[in-house]
Number of protein chains: 2
Amino acid sequence: MEKKLRIRCWITLDQEKFFGPGRLQLLTLIQSEGSLSKAAQQMGMSYKKAWEMINDLNSRGSQPYVLLKKGGEKGGGAEITEHARNLIVKFEKLSEKLEKITEEEVEILDSI
Amino acid sequence: MEKKLRIRCWITLDQEKFFGPGRLQLLTLIQSEGSLSKAAQQMGMSYKKAWEMINDLNSRGSQPYVLLKKGGEKGGGAEITEHARNLIVKFEKLSEKLEKITEEEVEILDSI
DNA sequence: TATCGATATGTTTATAAATATATATCGATT
DNA sequence: AATCGATATATATTTATAAACATATCGATA
C-alpha cells in the first residue's frame, strides 16, 4: 500500500481555476515544440482541450501567454510570450518549495 | 477581479485520495455533534455521502477513525477515535504551515 | 413488542465533465 | 488557385460524478 502526501498549488481568478501544474506543463511544451497541437498530443490531451486552456489564459489574463499563428509555411504555429516565461519561472520556484515541504512532512503519513 | 493563490494538501493511498480538508472537517463535526447525520447536514452534504467517506476511512485505513453505533436510546451515534484526533492535529498543523506560505508567496499573483 | 432516531445501503435520476467527431479557417508556398 | 499543416469552433456522444429517493436495520427504552 503506497501512502503519499501531496501538496499542490494553483491560482484562481474570481474563484475559478486559472493556472496550475497542467497549464504550466502545456506552456512549457508549447515553448519546446512551437506548436499547440504537438504540445497537446505530448500530454495525451485533445487539441480542443489544449486550445480551450490557452484561449482561457489569453482571454482572462491581463496579457497574452501564447501567440497562435494560423496558415503560413508550416500551416501555423504557437509561441509563448515573455509574460508566460516569467510566470513559468515563478511557478516552478514555488512548486519546488512545496516539494521540499512535502519531503519534510512525510511523517504525517504515520498517522494514517 | 479577485486573484488568489491556493495551496492544498491531501493524502493518497495507492494513488487514490484518502484524506483531505473535506474529511478533516467531517471528522471535526462528528466530534462536536456526536452524530454522523448531523455532521453531514452541517456540511450541506447528504448523509449517504458522509457515510461513504467514513466507511472509506475506516476500511482503507490501518485503524478505525469513527465508531458508529446504531440503535440505542438515541437511535445511534458516532464518535471519533484517538487515532482520528491525532490525525486531525497533525493535519491542521500542516494546513496552517501552508497557509503561512500562501501569504508569503502572494507576489506570484503579480505575474498573472 | 412498538417506537424512535440514527446508521446502512441499494436504486434511480439529474448534472456535469470528458471525449469524440466533424468541419471551417487561415496564408505562405508551389 | 490548390495544397498543407496547424489553428478555430461547433455539435454530438460517452463517461463520470453527484443528487435524490427509497428502504432496511439496529437496540435501548417505554
Side-chain angles (χ1 to χ4, degrees), chain A residues 8 10 12-23 25-61 64-81 84, chain B residues 8 10 12-23 25-61 64-81 84:
Chain A
R8 288 222 156 184
W10 65 94
T12 58
L13 244 53
D14 298 322
Q15 272 70 257
E16 277 178 50
K17 208 170 171 182
F18 179 71
F19 193 80
R23 291 179 183 198
Q25 191 186 353
L26 186 56
L27 288 184
T28 304
L29 283 169
I30 290 170
Q31 185 172 34
S32 60
E33 298 291 336
S35 154
L36 178 52
S37 69
K38 278 180 192 154
Q41 88 188 61
Q42 288 243 356
M43 286 183 71
M45 137 183 353
S46 70
Y47 169 81
K48 181 195 167 92
K49 189 170 180 175
W51 179 84
E52 280 170 345
M53 281 184 173
I54 296 306
N55 185 54
D56 186 61
L57 285 178
N58 282 345
S59 56
R60 293 174 64 219
Y65 293 82
V66 178
L67 304 177
L68 297 170
K69 286 171 289 183
K70 34 154 86 169
E73 58 182 337
K74 285 177 188 165
E79 61 171 346
I80 70 174
T81 64
Chain B
R8 288 224 155 181
W10 64 94
T12 58
L13 244 53
D14 297 323
Q15 271 70 258
E16 278 178 48
K17 209 170 171 181
F18 179 71
F19 194 79
R23 292 181 182 195
Q25 191 185 353
L26 185 57
L27 288 183
T28 304
L29 283 168
I30 290 171
Q31 185 173 32
S32 60
E33 297 290 336
S35 156
L36 179 52
S37 68
K38 279 179 191 155
Q41 87 188 64
Q42 289 243 356
M43 285 183 71
M45 135 181 356
S46 71
Y47 170 81
K48 184 192 168 98
K49 187 170 181 176
W51 179 85
E52 281 170 345
M53 280 183 173
I54 296 306
N55 185 55
D56 185 62
L57 284 178
N58 281 345
S59 55
R60 293 173 64 218
Y65 292 81
V66 179
L67 304 177
L68 297 169
K69 286 171 288 183
K70 37 153 84 170
E73 58 182 337
K74 285 178 188 164
E79 61 171 347
I80 71 173
T81 63

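The figures here come from the full heavy-atom set of this structure, side chains too, leaving out hydrogens, waters and symmetry mates.
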Verify side chain to side chain contact (heavy atoms under 4.5 Å, CB included) between B/L27 and B/I54, making sure each step is shown before the conclusion. CA-CA 9 Å; B/L27 288 183; B/I54 296 306; 4.1 Å; yes
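Contact between the side-chain N/O atoms of B/W51 and the OP1/OP2 oxygens of C/dA8 is found at a separation under 4.0 Å.
Put simply, CG on B/L67 is 17 Å from C1' on D/dG27, counting in whole angstrom units. C/dT23 atom C1' lies 13 Å from atom OH of A/Y47, rounded to whole Å. The interatomic distance linking A/E52 (CD) with C/dA17 (C1') rounds to 11 Å, in whole Å. B/M53 places its CE atom 17 Å from the P atom of C/dT9, with the value rounded to the nearest Å. In this entry the distance linking NZ of A/K49 with C1' of D/dA8 reads 18 Å, nearest Å. As rounded to whole Å, 14 Å separates atom C1' of D/dA6 from atom CD of A/E33. One atom, CG of A/L68, and another, C1' of D/dT9, lie 13 Å apart when rounded to the nearest Å. Remark: C1' of C/dA6 and CG of B/N55 are 16 Å apart, rounded to the nearest angstrom.
When heavy atoms are screened at a 4.0 angstrom cut-off, B/K69 is found touching the sugar-phosphate backbone but no base atom. Across all strands shown, A/S37 has heavy atoms under 4.0 Å from sugar-phosphate atoms exclusively, and none from any base. Using a 4.0 Å heavy-atom distance criterion, B/G77 is classed as a sugar-phosphate-only contact.
D/dA2 is paired with C/dT29 under the Watson-Crick or G-U wobble criterion, all donor-acceptor distances under 3.5 Å.
Comparing C/dC26, C/dA28, C/dT7 by their nearest atom to the side chain of A/K70 picks out C/dC26. Closest to the side chain of A/A78, out of D/dT7, C/dT9, C/dT7, is D/dT7.
For C/dG5, the base has no donor-acceptor partner in the side chain of B/K38 [N/O atoms by modelled type, under 3.5 angstrom].
Mapping A/S46 and A/E73 onto DNA chain C via the closest heavy atom, the residue that lands nearer the 5' end is A/S46. Comparing B/K48 and B/L36, the nucleotide of DNA chain C nearest to each residue sits closer to the 5' end for B/L36.
No side-chain heavy atom of B/T12 sits under 4.5 Å from any side-chain heavy atom of B/F19.
Between the side chain of A/N58 and the backbone N or O of A/P64 there is no donor-acceptor pair closer than 3.5 Å. A side-chain donor-acceptor contact under 3.5 Å links A/R60 to the backbone of A/L13.
A distance of 6.5 Å separates OG of B/S32 from CD of B/Q42, quoted to the nearest 0.5 Å.
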